[in-house]
Amino acid sequence: EADIYQTPRYLVIGTGKKITLECSQTMGHDKMYWYQQDPGMELHLIHYSYGVNSTEKGDLSSESTVSRIRTEHFPLTLESARPSHTSQYLCASSEVAGSRPTDTQYFGPGTRLTVL
Amino acid sequence: ILNVEQSPQSLHVQEGDSTNFTCSFPSSNFYALHWYRWETAKSPEALFVMTLNGDEKKKGRISATLNTKEGYSYLYIKGSQPEDSATYLCALGGAAGNKLTFGGGTRVLVKP
């Protein structure tokens with residue numbers, strides 16, 4: 001069973017607030033990802049990291065930022081939340097192992113964010 | 001961005017019945033197809049990874065087939081049970097750094 005955790009699970013917050021969504025994994029995986037899922041839509045990759053001090057933007061443009069200071073930790077930050085940021089955010093990780101298309105990604109349970 | 005489509009978006013199945021649904025994707029530049037099961041309030045769980053045309057995978061009552069030439073995969077649930085109720089996601093594994101491109105999912109509700 002995958003050990004990847006996200007907090008909080010649910011967050012309701014007002015416009016303009018700074019928020020950080022936490023993601024941690026205990027599997028020692030080098031690669032980590034953030035996906036965003038708007039209601040009724042697909043999961044879209046917004047950020048990923050190959051390892052410590054590595055971050056890249058994903059396929060979907062996002063106003064959020066990420067950092068990777070420790071292998072196990074990959075937080076996502078919104079400096080000023082807006083209603084358009086209302087969405088579900090999922091974190092995932094995988095072993096590098098040559099970065100094969102067959103590599104399984106292990107997901108956290110997600111954070112459901114609502115910005116009023 | 002690759003276009004991965006799943007149909008139907010949702011389906012209701014009577015307990016004990018079998019069902020299947022589709023994942024369609026561009027057949028060119030295919031590398032790998034992943035299936036995930038996502039139960040409400042839980043983490044998406046990996047079911048299968050398939051790479052070869054004609055691949056068939058099985059896990060309990062759930063199985064999947066792959067046709068890379070025509071660009072589709074079927075997922076089958078035999079003798080559906082209420083615990084099979086979930087959203088089933090397919091995703092393409094790409095050449096660059098194993099990023100996944102997801103379809104919109106098929107939401108399955110098994111009625112007792």
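These numbers were taken from a predicted model, which means no experiment stands behind them. Letters go in sequence order (proteins before strands), and every chain restarts at 1.
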(request) Sequence neighbours left out, what pairs pass disulfide (SG to SG under 2.5 Å) with at least one residue falling in residues 5-71 of chain B? (result) B:Cys23-B:Cys90
(request) Mind listing the closest non-hydrogen atom pair of B:Lys99 and A:Leu45 along with its distance? (result) CD-CD2, 3.3 Å
(request) Sort B:Leu89 into side chain, backbone, both or neither according to what part of it lies under 4.5 angstrom from a heavy atom of chain A. (result) side chain
(request) Any chance you could pull the hydrophobic cluster mates of B:Tyr72, using side-chain heavy atoms under 4.5 angstrom and chaining through other members? (result) B:Tyr74, B:Tyr76
Where does [X] contact chain B at under 4.5 Å (heavy atoms): side chain, backbone, both or neither?
X       : answer
A:Leu43 : both
A:Arg9  : side chain
A:Gln6  : neither

Tell me whether [X] shares a hydrophobic cluster with [Y], the cluster being built from Ile, Leu, Val, Met, Phe, Trp, Tyr side chains joined at under 4.5 Å.
X       : Y        : answer
B:Val13 : B:Ile77  : yes
A:Leu78 : A:Leu11  : yes
B:Tyr88 : B:Leu109 : no
B:Tyr31 : B:Leu33  : no

(message) So for atom CD1, which belongs to A:Ile69, do other residues, nucleotides or ligands contribute more than 12 heavy atoms lying within a distance under 6.0 Å?
(response) no
(request) Look at atom CD of B:Gln9 and say whether more than 12 heavy atoms of other residues, nucleotides or ligands are closer to it than 6.0 Å. (result) no
(message) Within residues 40-54 of chain B, which residues come under 4.5 Å of chain A, heavy atom to heavy atom?
(response) B:Ala41, B:Lys42, B:Ser43, B:Pro44, B:Ala46, B:Val49, B:Thr51
(request) Provide the full list of salt bridge (Lys or Arg N to Asp or Glu O under 4.0 Å) pairs with a residue in residues 66-94 of chain B, sequence neighbours left out, each pair given once. (result) B:Arg61-B:Asp84
(message) Quick one, B:Leu100 and A:Tyr33 - any side-chain contact, counting heavy atoms below 4.5 Å?
(response) no
(message) With a 4.5 Å cut-off on side-chain heavy atoms, are B:Phe102 and A:Tyr35 touching?
(response) yes
